[in-house]
Structures are given as C-alpha cells and as structure tokens.
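Note that the structure is a prediction, hence the values are computed from the model and not measured. Below, read A as the first sequence line, B as the second, and so on, with proteins coming before strands; counting in each chain starts at 1.
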Amino acid sequence: MKWNIDALREKQHEIARKVTLTNHLPEWNLLRTVGGADVSFNRFSKIGFAAIVVLSLPDLQVIETSSVEQRLELPYIPGYLAFREWPFIHQCLKNLSIRPQALICDGHGIAHPRRAGLASHVGVEEDIITIGCAKSVFVGEYMEPDSQRGSISNLILKEEKIGEVVRTKNNVKPLFISPGHKIDFHTATQLILSLCRRYRLPEPIREAHALVNRIRIEHICRVE
DNA sequence: GCGACAG
DNA sequence: ATCTTGTCGC
C-alpha cells in the first residue's frame, strides 16, 4: 500500500490555492441549515464509518442525516488527514437531499502546514462553505484565552494568523477554529459559538459524532 | 539530528 | 481515532 506523499503534498498546495477566506455565508436571518460531519472506525479494522447531521437554525433540530460505511484506504498520517476522511464525507454529502449552507468538520481548516486541512480540502472539493473545528492544536502558537465562554485568542503560524482559539464553555478547554473555505475568521468563530449550547462542541458535531458511533457499535454486534 | 504530530 | 471506571470540580 504505497502512497506517494509528494503527490499528496502537491495536491494540497493546489487545494490551498483555491481556498478563499471571503465570506459566503448568508446573513444570520437567512441561515437555515448547518451540517456537522464526523468519521469513526474500529481499532484494527479496514472499515470506517461516517455521518453528517443537518440541523435547522436557529432552533437546532435535526432535519436530515446520512451515513456511510466503507473501506479505509489510507492510514492516519499527520498532515494528510483529509485524504483519509474526505472520501467518507463525500459519500455522505452525495446521499443528502439537501446541501447544508455550511458544513463543520472535525479537524482544522487552513490551520495546517500547507493551509489545506480537512475542512479546506472538503470545502474546495465540494464547493461548500466549511469550518474547521478541532479539539487540539496541530500547528501554530497561541495564548490561552480567558476562561469565560466567548473568550478568543489568535492562532499564529510564522507571523500569520491561521485560526482562533475559542472558549465555548466556561472553564473548559478551548476549541481551535479555522476557516475551511468561503468564510472568514470572525464569521467562522461566531457561527461556532452560536452552535455551542450546553457543551464544548457545537451541536452539529455532537450529533454527527453520536450518530456515527451508534452505527459503528451496531456494526460490531451485527458482525459477531 | 530530535521531538511534535488534526483524527 | 480506539481501548476504558471512577472520580474530582463547577
């Protein structure tokens, strides 16, 4: 199973060139749907699972879901996560009857060595507004934001801003938010904050995570 | 060369 | 990411 990392890196430079930080998100009063995507798999299995859950705004009710189960083609290689997970998200999007106005991805957007993290990769390939929502830092430096919900600090890589570190809940570890595609830093962070109700993670991601794990667990029982 | 390293 | 129970703190 030999993959040409050089080719993958070149593909990322291509993705990065197409990324735009110009905001394409509709006005808040016209925002109706936001999706969350998540991928999951069993320890030594070649099978992976993914789900996208679309929520309505501003009430955050689930209006549609889609999930897939397929072979994992790549191992996890830091910096190349998108090549492993994008195929799953692509299938989920194809199975949806509606296309969410924005999609939140579990990982970084432009906060990546080559500005081509999972969210940016998905955004460019699917031509959809995406936001990278990561639970830990990958590259860049930052100052710890204040402990109150809503506090924000910048994520910097070599003098350049690549994302924001956002406290989405009091006294809880912050989230690392970066634009994926067709959105700016401020809008991305504000949307994420508006989607975080009682928990650290935004509702679309929580719903997608819950669904994909449900499916993964029942697959184990089904196979044994 | 060494250590770090989204999920 | 996954393997896993209780436990400390707001």
Side-chain angles (χ1 to χ4, degrees), chain A residues 3 5 8-9 12 15-16 19 36-52 67-90 92 103-123 130-142 146-149 151 155-158 162-181 188 192 196 198-202 204-206 208-221 223-224:
Chain A
W3 282 84
I5 294 296
L8 298 187
R9 189 191 311 108
Q12 293 186 323
I15 294 288
V19 166
D38 192 32
V39 181
S40 172
F41 42 86
N42 291 318
R43 185 113 88 147
F44 301 109
S45 173
K46 297 174 75 74
I47 301 296
F49 308 82
I52 286 182
S67 58
V68 295
E69 165 186 337
Q70 59 186 40
R71 262 192 52 150
L72 276 164
E73 300 295 346
L74 275 186
Y76 165 63
I77 304 171
Y80 300 87
L81 176 68
F83 294 99
R84 174 177 167 87
E85 301 198 349
W86 170 54
F88 288 81
I89 295 176
H90 173 67
C92 285
L103 181 67
I104 300 172
C105 299
D106 199 340
H108 291 94
I110 63 169
H112 177 277
R114 291 168 292 284
R115 309 296 193 273
L118 176 63
S120 294
H121 197 115
V122 170
T130 55
I131 297 173
C133 177
K135 299 178 289 298
S136 65
V137 63
F138 181 38
V139 292
E141 303 173 327
Y142 64 95
D146 288 327
S147 62
Q148 281 61 52
R149 171 191 157 91
S151 296
L155 179 60
I156 307 289
L157 179 60
K158 292 186 292 187
I162 57 174
E164 293 184 339
V165 186
V166 185
R167 195 77 68 179
T168 56
K169 181 172 163 44
N170 292 172
N171 306 337
V172 165
K173 291 196 304 178
L175 251 31
F176 298 80
I177 309 303
S178 60
H181 187 45
I192 290 297
C196 291
R198 299 197 53 201
Y199 309 95
R200 176 165 86 125
L201 297 176
I205 288 294
R206 296 187 74 248
H209 196 269
L211 174 57
V212 76
N213 275 319
R214 215 176 298 146
I215 292 172
R216 183 174 59 81
I217 301 302
E218 70 187 32
H219 173 270
I220 297 177
C221 303
V223 164
E224 295 174 352

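Within the 4.5 Å cutoff, the side chain of A:Pro202 has heavy atoms near those of the A:Leu175 side chain. Looking only at side-chain heavy atoms (C-beta outward), A:Ile177 and A:Cys133 come within less than 4.5 Å of each other. For the pair A:Ile77 and A:Ile5, the minimum side-chain heavy-atom distance is below 4.5 Å. Using a 4.5 Å heavy-atom cutoff, the side chains of A:Ile47 and A:Phe41 are not in contact.
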Each base of DNA chain C marked ( ) or [ ] if paired in-strand (Watson-Crick or G-U under 3.5 Å), | if paired to another strand and . if unpaired gives ..........
Output field dot_bracket for DNA chain B (Watson-Crick or G-U, both distances under 3.5 Å, | for other-strand pairs) contains .......
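In this structure, A:Lys169 places its NZ atom 17 Å from P of C:dG9, rounding to the nearest Å. Between A:Lys173 atom NZ and C:dC10 atom P the separation is 18 Å, expressed in whole Å. The nearest whole Å value for the distance from the CG atom in A:Leu74 to the P atom in C:dA1 is 19 Å. Rounded to whole Å, atom P of C:dT2 lies 15 Å from atom NE2 of A:His219. Following rounding to the nearest Å, A:Arg43 (CZ) and C:dC3 (P) show an atom-to-atom distance of 7 Å. Separating the NE2 atom of A:His209 from the C1' atom of C:dT2 is a distance of 10 Å, rounded to the nearest angstrom.
Rounded to the nearest 0.5 Å, atoms CD (A:Glu85) and CG (A:Asp38) are 7.5 Å apart.
Judged purely by atom type and a 3.5 angstrom limit, A:Arg167 uses its side chain to pair as donor or acceptor with the backbone of A:Asp146. Distance alone, capped at 3.5 Å, places no donor-acceptor pair between the A:His112 side chain and the A:Tyr80 backbone. Of the possible polar contacts, none joining the A:Arg206 side chain to the A:Tyr199 backbone as a donor-acceptor pair under 3.5 Å is found. Of the possible polar contacts, one joining the A:Arg84 side chain to the A:Leu74 backbone as a donor-acceptor pair under 3.5 Å is found. Put simply, the side chain of A:Thr130 gets close to the backbone of A:Ala119: a donor and an acceptor are under 3.5 Å apart. Side-chain atoms of A:Gln12 do not come within 3.5 Å of backbone N or O of A:Ala82 as any donor-acceptor pair.
Between A:Asn213 and C:dT2 there is a side-chain N or O to OP1 or OP2 distance below 4.0 Å.
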Nucleotide by nucleotide, nucleotides 1-7 of chain B touches protein heavy atoms under 4.0 Å in the pattern (B base, S sugar-phosphate only, - none) ----BBB
